[in-house]
Amino acid sequence: MQHSSILNEIMGTNLTPEKMLESFLFVERRTLEKLIEDFELTTPEQIDIIRSLFRFRKTYEYYILLWETGQGKMRANAREDAEMILTQAKINLNRDSRSCFSKENFFGKIRFMLLACKELEVSVRSRATYVRWVCNFPITPTRTAQELFDHELYTGNIPHVYMHMASGFIRRRLVDKETPRQICGHYRTFLRELNISRAHARWFNTRYAGSYGSRQ
């Protein structure tokens with residue numbers, strides 16, 4: 001499969017948010033409803049979260065497939081990283097219970113940031129921007145598991161790792177009482193430090209390898 005085809009599949013090209021929602025676990029739909037209710041999320045925020053959860057699930061399904069079919073070709077350090085990162089995803093990704101993988105690793109990261117927005121009375125406009133940032137994890141459409149861990153975006157290309165770092169970054173800046181303009185400036189630095197904003201066209205001739213800068 002070509003890299004562009006892989007990215008199209010993961011991104012859910014041409015799927016509506018309603019169709020994406022239908023593919024989620026019951027517990028994920030309930031968790032989303034609770035998140036919307038608790039924070040009175042706007043329609044654009046809801047759509048960002050739905051699209052991101054779809055990408056989250058598809059990305060892990062793809063990474064797990066690469067890991068399962070290519071362990072014998074991986075170097076020892078990459079096998080250890082894959083074991084540590086992907087074991088729980090494999091066990092709990094499709095477990096329709098409170099122990100499902102997305103409960104803490106996706107929704108938990110967003111809720112952590114939203115709580116800070118609520119406590120510090122962040123404007124709806126700024127909150128929507130921060131939701132989009134947390135949800136905008138980069139994707140590495142690799143063809144082998146080894147490439148995933150060799151990629152310049154690693155570890156930022158692991159969705160829940162990126163979301164953990166992004167939500168923590170935003171919350172820390174909010175607690176420090178920084179203005180939206182200051183936070184935006186620091187966010188660009190955050191992306192540079194993870195190699196996201198300057199990832200070269202390793203997989204594409206004219207587009208970044210990650211979702212940031214490629215399909216926005």
Side-chain angles (χ1 to χ4, degrees), residues 1-66 89-90 92-98 100-114 117 123-143 153 156-164 166-167 170 191 196 203-204 206-216:
M1 184 182 294
Q2 295 298 313
H3 290 132
S4 58
S5 298
I6 294 169
L7 189 58
N8 285 336
E9 177 69 18
I10 292 173
M11 296 289 283
T13 304
N14 298 327
L15 284 182
T16 65
E18 291 75 21
K19 281 294 183 183
M20 293 180 179
L21 194 59
E22 290 174 5
S23 70
F24 299 160
L25 302 173
F26 175 77
V27 68
E28 290 173 334
R29 293 195 295 271
R30 291 294 296 161
T31 304
L32 176 60
E33 290 172 2
K34 187 71 164 56
L35 200 70
I36 293 169
E37 178 184 342
D38 289 348
F39 298 101
E40 300 180 349
L41 299 181
T42 64
T43 298
E45 288 172 317
Q46 294 175 38
I47 291 174
D48 278 340
I49 293 171
I50 290 170
R51 290 192 181 280
S52 184
L53 179 56
F54 182 87
R55 293 170 57 239
F56 184 89
R57 295 184 56 79
K58 284 290 186 180
T59 300
Y60 275 108
E61 287 173 0
Y62 183 64
Y63 289 172
I64 290 167
L65 175 64
L66 291 180
K90 179 182 177 182
N92 294 313
L93 187 64
N94 294 305
R95 187 190 297 274
D96 198 1
S97 73
R98 291 178 62 84
C100 69
F101 189 70
S102 62
K103 181 72 174 180
E104 295 301 326
N105 290 302
F106 180 84
F107 289 108
K109 311 305 183 187
I110 298 173
R111 177 174 286 274
F112 177 77
M113 186 273 296
L114 287 175
C117 290
S123 71
V124 172
R125 181 178 179 181
S126 292
R127 186 186 69 183
T129 297
Y130 304 148
V131 167
R132 186 168 63 252
W133 288 354
V134 172
C135 288
N136 196 31
F137 54 84
I139 298 170
T140 307
T142 61
R143 289 170 295 192
L153 296 180
N157 59 3
I158 306 300
H160 75 277
V161 175
Y162 168 84
M163 294 182 77
H164 176 80
S167 61
I170 294 167
L191 294 177
I196 294 172
W203 308 113
F204 304 104
T206 59
R207 293 184 299 189
Y208 289 137
S211 61
Y212 181 85
S214 64
R215 291 299 177 90
Q216 295 302 307

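Hydrogens, waters and symmetry mates play no part in the numbers below; they use all other heavy atoms, side chains included.
- The line from CG of L41 to CD1 of I36 is 6.0 Å long, rounded to the nearest 0.5 Å.
- F107 and E28 make their closest contact through CZ-O, 3.6 Å (heavy atoms, listed as atom of the first residue, atom of the second, distance).
- Here the straight-line distance linking atom CD of E18 with atom CG of L21 works out to 7.5 Å at 0.5 Å rounding.
- At least one side-chain heavy atom of R127 sits less than 4.5 Å from a side-chain heavy atom of F39.
- Here the closest heavy-atom approach between residue I49 and residue L35 is recorded as CD1-CD2, 4.0 Å.
- With contacts defined as side-chain heavy-atom distances shorter than 4.5 Å, the pair V27/S97 does not qualify.
- One finds a salt bridge joining E22 and K19 here, because a Lys/Arg side-chain nitrogen approaches an Asp/Glu carboxylate oxygen to under 4.0 Å.
- For R57 (side chain) and L93 (main-chain N/O), a donor-acceptor pair under 3.5 Å exists by modelled atom type.
- Atom CG of L65 sits about 11.0 Å away from atom NZ of K90, to the nearest 0.5 Å.
- Here the rule is ring-ring contact (aromatic ring centres under 6.0 Å, His included) with H160, and of F106, F56, F101 only F101 fits it.
- Counting all heavy atoms, side chain and backbone alike, M163 lies closest to V134 at CG-O, 3.4 Å.
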Please assess R111 against K34 for the test side chain to side chain contact (heavy atoms under 4.5 Å, CB included), listing each intermediate value before the final yes or no.
CA-CA 10 Å; R111 177 174 286 274; K34 187 71 164 56; 4.0 Å; yes
Dump the intermediate steps for side chain to side chain contact (heavy atoms under 4.5 Å, CB included) on V124 and T42, then the final yes or no.
CA-CA 8 Å; V124 172; T42 64; 3.6 Å; yes
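- In this structure, Y62 contributes its side chain and T142 its backbone to a donor-acceptor pair below 3.5 Å.
- Summarising the geometry, atom CG belonging to D38 is positioned 9.5 Å from atom CG belonging to L114; distances are rounded to the nearest 0.5 Å.
- For R30, the CZ atom sits in a loose shell: 12 or fewer heavy atoms of surrounding residues, nucleotides or ligands are nearer than 6.0 Å.
- Atom CG of N105 is separated from atom NE2 of H164 by 10.5 Å, given to the nearest 0.5 angstrom.
- Both the sub-6.0 Å distance and the 45° axial angle are satisfied by R55 relative to the ring of F137.
- The aromatic rings of Y63 and Y60 lie perpendicular to each other, with more than 60° between the two planes, well past the 30° mark.
- The minimum heavy-atom distance linking R51 with L15 is given by the pair NH1-O, 3.6 Å.
- Between the side chain of S52 and the backbone N or O of D48, no donor-acceptor pair lies under 3.5 Å.
- In this structure, the separation between OG1 on T140 and CD1 on I158 is 7.5 Å, given to the nearest 0.5 Å.
- Between I50 and F24 the shortest heavy-atom distance is O-CZ, 3.4 Å.
- Taking every heavy atom of both residues into account, E45 and V131 meet most closely at OE2-CG2, 4.1 Å.
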